[in-house]
Amino acid sequence: MITTKKPRTLYEKIFDDHVVVERDDGTVLLYIDRHLIHEVTSPQAFNGLASRSLPVRQPTLQLATSDHNVPTTPRPYPVSPSTYLRLPASRLQVQTLERNVRTHKIPYLGLNSRRQGIVHVIGPELGFTLPGTTIVCGDSHTSTHGAFGALAWGIGTSEVEHVFATQTVVVTRWGNMRVEVGGALAGGVSSKDLMMHIIGTIGTAGGTGMVIEFAGPVIRNMSMESRMALCNMSIEAGARAGLIAPDEMTFEYVKGRPLAPTGPQWKDALKYWKHLYSDPGALFDKTVRIDATAVMPTVTWGTSPEQVVSITGSVPAPEDFEDLVKQESCRQALKYMGLEAGTKMTDITVDKVFIGSCTNARLEDFRIAAQIVRGKRISPNLKLALAVPGSGAVKRAAECEGIDTIFKQAGFQWREAGCSLCVGLNEDALLPFERCASTSNRNFESRQGTAGRTHLVSPAVAAATAIRGTLADVRLETTMRSEEVFEAIYASESEEEVESGSEVSDPEVNAIGEPSAAPVARGLQTSAYSTTIRGSVAIIERSNIDTDAIFPKQFCTTIERKGLGDCLFQNLRYYPDGKPKADFILNQKDHRNASFLLATGPNFGCGSSREHAVWALQDFGFQCIFAPSFADIFYNNSFKNGLLLVKLDAVLIARVVEAVGLGQQVQVNLADQVLLDESGSMIGRFDIEKHRKKELIDGIGEIEVSLATVESIENFEKDRGAARPWIDQSVRDGWSSKLAREVKGRKQTRAQPTSLEW
Ligand SMILES: CC(C)[C@H](C(=O)O)[C@@H](O)C(=O)O
Ligand code: SF4
């Protein structure tokens with residue numbers, strides 16, 4: 001009998017190769033090859049580990065850096081976090097990470113390392129990111145690493161703790177979507193424009209529950225850096241992960257990186273990587289076709305990444321949308337952004353321009369922007385133009401090419417590496433009502449600073465905007481022929497020199513400051529969930545309520561889990577001067593003690609993976625959230641903390657709204673999966689995944705459950721070591737020999753700028 005193997009997608013192949021245990025309830029214990037860590041989402045996870053007295057299972061499979069909080073102002077080497085980080089909360093967070101990585105012997109690229117940078121920029125640069133691996137990080141833009149054919153996704157802090165303890169995560173199988181990009185990108189149009197166009201087409205919830213594989217000729221011709229920008233913003237399309245099948249361009253990029261496999265293991269790895277593609281005939285749950293030829297330089301006009309328009313277009317009016325929810329979102333966004341419908345995008349003046357972030361702060365981005373600003377001056381109307389490289393390596397490589405000089409001569413500030421104005425957790429932030437053209441990925445309300453206004457743009461458009469002072473069509477603002485702009489965007493990566501002998505920090509060598517506060521102990525991850533909740537409902541009539549709105553970024557510097565209720569919806573609850581907004585529902589006496597929150601629009605909890613959003617909702621007193629749909633990471637984070645999320649369709653939402661209008665409370669019975677009014681009459685039934693329900697009712701800690709089957713993890717590690725030895729070996733060799741050699745003789749002074757070190 002002839003048996004044919006079922007064709008599988010790339011996602012299925014990588015997933016299948018990492019299954020430790022497939023459980024009866026549909027959950028899978030999945031092995032994690034690489035774990036990236038930063039200072040914002042790790043302190044509470046390390047504390048949890050300490051309270052369980054557990055070690056980090058595989059320290060060398062972790063890589064930590066400080067990126068979100070770090071100042072980008074000149075760094076006097078050696079850098080002392082205790083004086084360089086002027087904001088006390090930021091200082092504490094970075095020092096807490098430094099103490100934790102030292103305790104657990106986790107490789108760390110801190111402020112004294114020339115390789116420090118945004119976690120999603122340094123992973124690929126180091127060769128820590130490899131095709132076919134599973135990669136997680138307590139950060140939603142982990143999807144970036146999918147550009148290498150790695151299955152990479154953002155997780156919450158509870159899962160970070162789970163990875164520390166078990167080197168696995170508990171997941172269910174996701175859907176699989178294919179975005180096929182045909183045609184060709186025109187001059188001046190980058191992968192950032194393409195991705196914003198895709199998000200505008202499928203929406204910010206278009207990829208919910210799915211892994212998106214990007215395919216087609218346009219993707220094949222894209223540089224690795226452009227692919228990273230594309231996959232980076234998969235989370236803005238709601239997807240769990242973005243993926244691109246690895247090819248020669250990928251292998252060429254990875255080869256020779258400090259943590260990449262070498263010698264015979266490189267050959268074995270290559271053999272394995274070459275089967276990483278979706279088989280002909282493999283089934284996708286959904287396919288979307290995009291014609292790249294139709295994509296223009298694209299910008300956002302509103303407060304959601306799906307609110308995009310081409311640079312030649314105008315600000316839309318609510319009536320331009322058929323969907324009532326979208327009409328209302330448009331109304332709210334226009335008000336927030338201070339824009340009038342019909343205004344031409346190129347007539348919108350900006351106060352600041354930011355070129356940076358994990359989307360667009362790589363060498364290619366600065367090369368293209370430099371082509372546009374070369375020999376020109378930024379508009380005198382601009383208050384600030386900021387160029388922030390994604391890593392120390394990008395910075396030095398750019399400086400080697402004279403790019404820093406081009407920017408400085410044009411009037412830009414050329415800074416040190418970090419997240420910077422993407423999220424404004426350090427001192428780089430917008431003032432209220434300032435308008436910014438930004439190469440970052442989120443234009444949420446108050447994301448870059450309270451009441452700040454963000455327009456997402458490509459590096460080319462950002463550069464042209466800086467010169468013109470208004471949002472600008474890069475195609476008209478450069479004397480370069482469009483083909484030259486295009487060529488610059490796809491500048492060949494092979495131009496980067498391979499060279500060794502630079503410095504690197506490691507946990508043994510770093511000068512690490514002592515933290516100024518003791519760790520906060522936390523109980524086991526059990527929940528005492530009551531299967532019936534009764535109480536009043538607070539209603540918010542909004543869609544796409546993002547986690548920046550739920551828990552604004554300025555509070556993300558906390559190392560606590562408790563007491564965060566005061567921060568909840570801060571920017572919606574208060575004016576920039578601190579006065580409460582009387583009309584906001586949670587400021588009204590009757591709703592202050594509500595047990596339920598109802599969002600009438602879809603995609604509640606989109607955006608950042610910050611679990612703080614869940615902790616704040618719970619601390620405020622909410623026990624259950626109703627919405628038409630939820631974003632994946634938030635959904636997961638909520639259940640891990642015992643917060644019940646219930647998806648309600650339009651009919652049930654209308655019934656709850658009606659009951660609330662009559663002054664009634666409601667009840668939810670989780671055991672029976674019913675929603676009742678105050679008198680006990682049925683409002684409706686709701687669905688919930690079996691394992692989620694069990695998780696809430698049993699309240700058994702997930703880490704304990706996973707560790708109960710530790711033998712299966714050990715067996716998996718043995719088999720994986722035999723089948724794909726390079727995954728562990730490459731990092732061990734890299735850290736213990738190549739990078740360690742660099743550390744020897746390392747001086748705490750700044751070396752002359754060189755090209756990329758590998
Ligand atoms: C702080 C972190 C959890 C967050 C994320 O997950 O995205 C941040 O990087 C962001 O961009 O909002
Ligand atoms: S999105 Fe911004 S804040 Fe988040 S990791 Fe990327 S650069 Fe940092």
Side-chain angles (χ1 to χ4, degrees), residues 36-45 65-70 72 89-90 93-94 97 116-124 136-145 152-160 192 195 228-229 231-236 238 240-241 305 354-362 365 386 388-391 394 415 417-426 428-429 436 438-449 454 456 546-559 605-616 631-634 636-637:
L36 292 154
I37 302 159
H38 63 65
E39 76 277 22
V40 181
T41 51
S42 61
Q44 296 87 348
T65 193
S66 293
D67 52 5
H68 284 69
N69 278 276
V70 301
T72 54
S90 297
Q93 211 171 49
V94 169
L97 176 63
Q116 174 271 344
I118 305 173
V119 74
H120 309 307
V121 177
I122 65 170
V136 293
C137 174
D139 196 284
S140 52
H141 287 99
T142 311
S143 56
T144 312
H145 308 264
W153 70 102
I155 56 176
T157 295
S158 298
E159 287 172 302
V160 169
K192 172 70 164 286
M195 193 56 199
M228 283 187 247
C231 288
N232 172 278
M233 288 188 73
S234 308
I235 183 68
E236 271 64 56
R240 292 274 22 194
F354 171 58
I355 304 184
S357 90
C358 59
T359 312
N360 283 131
R362 297 183 179 81
D365 302 314
L386 209 53
V388 185
S391 70
V394 169
R415 297 286 190 89
C419 293
S420 179
L421 190 50
C422 171
V423 69
L425 269 187
N426 61 358
D428 308 334
C436 182
S438 175
T439 65
S440 55
N441 42 53
R442 291 186 172 145
N443 51 343
F444 301 151
E445 290 185 14
S446 297
R447 161 84 180 180
Q448 294 191 294
T454 305
L456 300 179
D546 56 79
T547 47
D548 272 77
I550 301 170
F551 188 82
K553 51 102 191 196
Q554 62 268 31
F555 306 111
C556 284
T557 49
T558 181
I559 60 167
C606 58
S608 158
S609 63
R610 59 189 74 159
E611 203 162 307
H612 312 65
V614 176
W615 303 330
D632 287 331
I633 307 181
F634 177 78
N636 210 27
N637 287 346

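Just so you know, ligand 1 is whichever comes first in the structure, and atom 1 is the first atom listed for that ligand. For this chain, numbers begin at 1 and follow the sequence in order.
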Discussion item. I'd like to know if Arg447 contacts ligand 2, where contact means a heavy-atom distance under 4.0 Å to any ligand atom.
Written reply: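 Under 4.0 Å: yes for Arg447.
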Tell me if a side-chain donor or acceptor on [X] pairs with a main-chain N or O of [Y] at a distance below 3.5 Å.
| X | Y | answer |
| --- | --- | --- |
| Ser143 | Asn232 | yes |
| Thr547 | Gly605 | no |
| Arg447 | Thr454 | no |
| Glu39 | Asp67 | yes |
| Asp546 | Ala549 | yes |

Of the non-hydrogen atoms in [X] and [Y], which two are nearest, and what is the gap between them?
| X | Y | value |
| --- | --- | --- |
| Ser234 | Ala241 | CB-C, 4.2 Å |
| Gly117 | Thr65 | O-CG2, 3.2 Å |
| Ala613 | Phe551 | CA-CB, 3.8 Å |

Practice prompt. May I ask you to decide if the ring planes of His38 and His68 are parallel, tilted or perpendicular, using 30° and 60° as cut-offs?
Written response: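 Aromatic pair His38/His68 classed tilted.
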Worksheet item: Between Gln44 and Thr157, do the side chains contain an N or O donor and an N or O acceptor separated by less than 3.5 Å?
Response: no
Worksheet item: Can you tell me if Thr439 and Asp365 form a side-chain donor-acceptor pair at under 3.5 Å?
Response: no
Practice prompt. Run through ligand 1 for me and note each protein residue having a heavy atom under 4.0 Å from it, chain first, then residue number.
Written response: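 Close residues (ligand 1, cut-off 4.0 Å): Val40, Thr41, His68, Gly138, Asp139, Ser140, Arg442, Arg447, Ser608, Ser609, Arg610.
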Worksheet item: If you leave out waters, which protein N, O or S atoms are less than 2.8 Å from atom 8 (Fe) of ligand 2?
Response: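 You should have found Cys419 SG.
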Worksheet, complete the sentence: Going by the 4.0 angstrom heavy-atom rule, the piece of Leu425 near ligand 2 is neither
Worksheet entry | Numbering as shown, the atoms of ligand 2 that approach Asn441 to under 4.0 Å (heavy-atom distance) | 1 (S)
